[in-house]
Protein chains: 2
Amino acid sequence: MASQRGEGETTATPLEPADRERARAIPEAAVARLAVYLRVLSGMADQGVTAVSSEELSQAAGVNAAKLRKDLSYIGSYGTRGVGYDVEVLVSHIERILGLTRNHSVAVVGIGNLGHALANYGGFPGRGFPVTALFDVDADLIGVPVGGIPVSHIDDITAVCLEREVSIGVIATPPPAAQSVCDRLVSAGVQCILNFAPVVLQVPDNVEVRKVDLAVEMQILSFHVARRADEAASVSVGNGLGVDGMVIRP
Amino acid sequence: MASQRGEGETTATPLEPADRERARAIPEAAVARLAVYLRVLSGMADQGVTAVSSEELSQAAGVNAAKLRKDLSYIGSYGTRGVGYDVEVLVSHIERILGLTRNHSVAVVGIGNLGHALANYGGFPGRGFPVTALFDVDADLIGVPVGGIPVSHIDDITAVCLEREVSIGVIATPPPAAQSVCDRLVSAGVQCILNFAPVVLQVPDNVEVRKVDLAVEMQILSFHVARRADEAASVSVGNGLGVDGMVIRP
DNA sequence: CCGACTTTGTGCATGCGTTCACAAGCGGTA
DNA sequence: TACCGCTTGTGAACGCATGCACAAAGTCGG
Ligand SMILES: NC(=O)c1ccc[n+]([C@@H]2O[C@H](COP(=O)([O-])OP(=O)(O)OC[C@H]3O[C@@H](n4cnc5c(N)ncnc54)[C@H](O)[C@@H]3O)[C@@H](O)[C@H]2O)c1
Ligand SMILES: NC(=O)c1ccc[n+]([C@@H]2O[C@H](COP(=O)([O-])OP(=O)(O)OC[C@H]3O[C@@H](n4cnc5c(N)ncnc54)[C@H](O)[C@@H]3O)[C@@H](O)[C@H]2O)c1
């Protein structure tokens with residue numbers, strides 16, 4: 001905050017702020033929502049919609065309109081007051097901020113149930129995430145093409161990842177193998193990991209990990225059911241009995 | 001505070017009024033972490049570990065020790081100062097708070113790539129989430145057993161869900177079908193939905209939805225790569241030029 | 001029985017994210 | 001051109017979550 005003079009005065013200088021500054025300041029939660037807005041906007045563009053207001057877009061994205069505008073303000077001021085946003089302009093700016101102007105090559109490790117589903121999934125390439133490498137230890141799988149790509153042996157992971165410039169590694173191995181696979185990905189230079197194995201991965205600071213943990217998702221849902229059932233019980237009965245008289249038991 | 005020696009103990013009991021208050025106040029973020037602690041603790045229990053300190057547990061769960069203690073304090077005071085926590089006691093109390101003292105029957109809708117993986121996955125039943133119903137529209141799939149359960153037709157969803165007391169519905173259909181499937185689940189009385197389709201679902205207030213959106217996860221990773229690459233560029237090049245030629249100030 | 005040591009549980013400050021409310025700005029209209 | 005109605009962009013207030021730091025409360029050795 002050193003450059004601009006004037007204190008809290010209105011930003012009458014629209015071109016001044018640098019994108020890099022902004023990108024650094026975007027809250028993680030907002031980044032996740034930007035990705036959702038992008039998808040909604042792409043859908044609108046496909047249907048020929050060219051302009052959209054914050055109200056419309058926020059409803060389609062399932063968020064509060066004020067939050068949406070705040071989120072968009074993190075990436076710049078690309079709307080027109082009194083009118084709304086140009087869909088294509090917004091799409092291109094969100095893509096730029098999210099780093100989607102270039103492709104990010106993806107490697108899937110562990111071609112079992114889940115790995116097959118991921119490798120066969122057609123939704124990634126179109127969004128800039130081509131799956132370019134598959135790995136497994138199972139000898140029967142090596143060389144077999146899945147979703148058009150032959151499975152490589154896990155021992156070749158470094159060479160293959162470097163060669164195909166893999167930037168995102170997806171871990172779909174059984175839990176015991178996950179940390180070891182992660183370590184190998186990291187030493188192959190992969191800095192982004194999406195982990196499906198229910199394990200807490202240890203990684204160096206320069207590596208970004210996101211986990212998808214279905215059991216945790218279900219348990220969160222379970223918590224809400226329990227809380228709701230419990231509230232109902234406390235209103236109607238007031239003791240430890242469930243709604244339909246069923247005692248909650250281990 | 002309210003914890004007395006000798007009362008309750010390790011047996012999971014129905015929520016008492018004090019716990020009910022607590023459950024209502026637990027932050028969502030803490031609930032998600034409790035589920036992780038539970039998994040780590042279960043693993044420890046399986047390996048014969050009987051006691052654990054907040055420091056150990058927090059490292060295994062990949063969080064700050066203070067945060068872990070705060071999270072545990074939301075469910076009560078079950079530790080022993082100077083010693084730590086009894087693994088089994090903690091497990092049973094977390095399970096109770098998360099509503100895992102009873103099974104939650106799961107239905108999967110859309111038995112394609114992903115639906116097959118989910119239906120075949122062995123990790124859910126053991127954690128209290130038995131998959132008891134599968135649905136699809138594809139005539140070729142109806143009646144075919146996947147993971148031991150025959151696929152039902154989507155039109156039978158209400159009857160089957162009621163009969164098997166489904167409490168969690170998993171949507172793994174193509175995006176265009178998701179909202180319609182969701183509506184059907186809701187009218188079948190399902191109050192918890194886990195959605196894999198990249199669509200924003202509209203549901204009544206009494207229904208809880210969680211989404212798993214892989215494209216969004218990857219885009220968040222992409223954002224971090226871009227941010228990092230950008231920082232690196234500004235350090236190594238140091239010419240103060242941004243991505244689009246804008247001047248970046250130090 | 002005491003005192004030293006260990007670890008929990010939590011009050012408090014801090015920072016982040018969400019929400020509100022409204023001035024600023026733009027297009028349309030007369 | 002001047003006015004009007006609409007929508008954006010954002011300062012400011014609020015609320016929630018995180019992390020710190022320490023008193024309270026327990027164990028253990030002597
Ligand atoms: N299938 C699901 O729906 C689902 C749901 C939630 C979580 N998960 C998790 O996702 C992971 C994969 O699940 P799955 O059902 O596909 O399991 P799976 O057993 O079907 O497949 C695992 C694959 O990983 C391979 N593998 C094992 N060790 C390896 C190693 N060291 N290097 C490379 N490959 C290795 C195996 O050969 C196998 O092909 C598991 O951790 C599971 O807990 C799966
Ligand atoms: N496969 C993946 O790895 C992956 C990754 C991310 C997201 N997704 C999302 O998950 C969903 C499923 O993906 P997939 O690869 O399994 O797709 P898929 O096409 O393989 O399977 C979809 C299944 O849903 C069934 N279906 C279609 N309409 C239905 C309806 N109205 N009622 C019931 N069933 C219906 C189809 O018959 C088919 O069996 C999609 O929304 C996809 O975007 C999948």
Side-chain angles (χ1 to χ4, degrees), chain A residues 1 4 6-17 21-22 24-34 36-37 41 50-87 89-90 93-94 220, chain B residues 1-6 18-19 21-22 24-34 36-37 41 50-87 89-90 93-94 220:
Chain A
M1 326 230 159
Q4 281 289 40
E7 333 108 29
E9 125 272 22
T10 55
T11 45
T13 55
L15 292 181
E16 187 69 6
E21 294 280 324
R22 287 216 165 89
R24 206 169 283 146
I26 303 181
E28 183 97 357
V31 173
R33 286 189 299 267
L34 283 170
V36 175
Y37 306 153
L41 286 164
T50 59
V52 69
S53 72
S54 64
E55 189 59 47
E56 293 165 326
L57 183 52
S58 70
Q59 286 211 338
V63 304
N64 174 302
K67 194 192 289 190
L68 177 129
R69 289 201 298 275
K70 176 73 89 181
D71 287 344
L72 292 182
S73 80
Y74 289 127
I75 68 174
S77 301
Y78 304 111
T80 305
R81 297 173 186 226
V83 178
Y85 302 89
D86 181 290
V87 173
V89 169
L90 223 43
H93 280 107
I94 295 178
I220 294 173
Chain B
M1 307 172 140
S3 73
Q4 308 287 336
R5 201 139 26 139
D19 290 332
E21 297 281 326
R22 285 211 183 88
R24 208 168 283 145
I26 303 180
E28 182 96 357
V31 173
R33 288 190 297 267
L34 283 170
V36 174
Y37 306 152
L41 286 164
T50 59
V52 69
S53 73
S54 64
E55 189 60 45
E56 293 166 324
L57 183 51
S58 71
Q59 286 212 339
V63 303
N64 174 302
K67 193 192 292 191
L68 176 129
R69 289 201 298 274
K70 176 79 82 180
D71 288 343
L72 292 182
S73 80
Y74 289 127
I75 67 174
S77 302
Y78 303 111
T80 306
R81 297 175 186 224
V83 178
Y85 302 89
D86 180 291
V87 173
V89 169
L90 222 43
H93 284 288
I94 296 178
I220 295 172

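Letters A, B, ... mirror the listed sequences (proteins, then strands); counts begin at 1. Because the structure is a prediction, the values reported are computed rather than measured. All values below come from the heavy atoms of this structure, side chains included, with hydrogens, waters and symmetry mates left out.
At least one donor-acceptor pair closer than 3.5 Å links the side chain of B:Glu56 to the backbone N or O of B:Ser53.
Under the 4.5 Å side-chain criterion, counting only non-hydrogen atoms from C-beta, A:Tyr37 is in contact with A:Val63. Looking only at side-chain heavy atoms (C-beta outward), B:Val87 and B:Thr50 stay at 4.5 Å or farther from each other.
Heavy-atom distances to DNA chain C give each of B:Gly82 and A:Ala29 a nearest nucleotide, and the one nearer the 5′ end belongs to B:Gly82. DNA chain C is contacted by both A:Arg69 and A:Arg33; A:Arg33 maps to the nucleotide lying nearer its 5′ end (nearest heavy atom per residue).
For B:Tyr74 and D:dC16, the shortest distance from a side-chain N or O to OP1 or OP2 is not below 4.0 Å.
Rounded to whole Å, the distance from CG on A:Asp71 to P on D:dT10 is 13 Å. In this structure, B:Ile26 places its CD1 atom 15 Å from P of D:dC16, rounding to the nearest Å. Straight-line distance from the CD1 atom of B:Ile75 to the P atom of C:dT10: 12 Å, rounded to whole Å. Following rounding to the nearest Å, A:Leu68 (CG) and C:dT18 (P) show an atom-to-atom distance of 12 Å. The separation between B:Leu90 atom CG and C:dG9 atom P is 9 Å, rounded to whole Å. Rounding to whole angstrom units, CD of residue A:Glu56 and C1' of D:dC6 are separated by 13 Å. Across the protein-nucleic acid pair, A:Glu28 atom CD and C:dG17 atom P stand 9 Å apart, rounded to whole Å. Atom-to-atom, NZ of A:Lys70 to C1' of D:dC14 comes out at 13 Å; the value is rounded to the nearest Å.
Comparing atom distances between the A:Tyr85 side chain and each of C:dT8, C:dT19, D:dT8 picks out D:dT8 as nearest. Distance from the side chain of A:Lys67 is smallest for C:dT18 among the nucleotides D:dG9, C:dT18, C:dT8. In this structure, the nucleotide among C:dT10, D:dT27, C:dT8 sitting nearest to the side chain of B:Thr80 is D:dT27. For A:Ser54, the listed nucleotide lying nearest its side chain is D:dT8; candidates were D:dT8, D:dA17, C:dG17.
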I'd like to know whether B:Asp71 forms a side chain to side chain contact (heavy atoms under 4.5 Å, CB included) with B:Ile26, so could you lay out the CA-CA distance, the side-chain angles of the two residues, the decisive distance to 0.1 Å, and finally the verdict.
CA-CA 8 Å; B:Asp71 288 343; B:Ile26 303 180; over 6 Å; no
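The side-chain contact (heavy atoms from CB on, under 4.5 Å) test with B:Tyr85 singles out one residue from B:Leu41, B:Thr80, B:Leu72, and that residue is B:Leu72.
The base of C:dT8 sits within donor-acceptor range of the side chain of B:Arg81, with an N or O pair under 3.5 Å.
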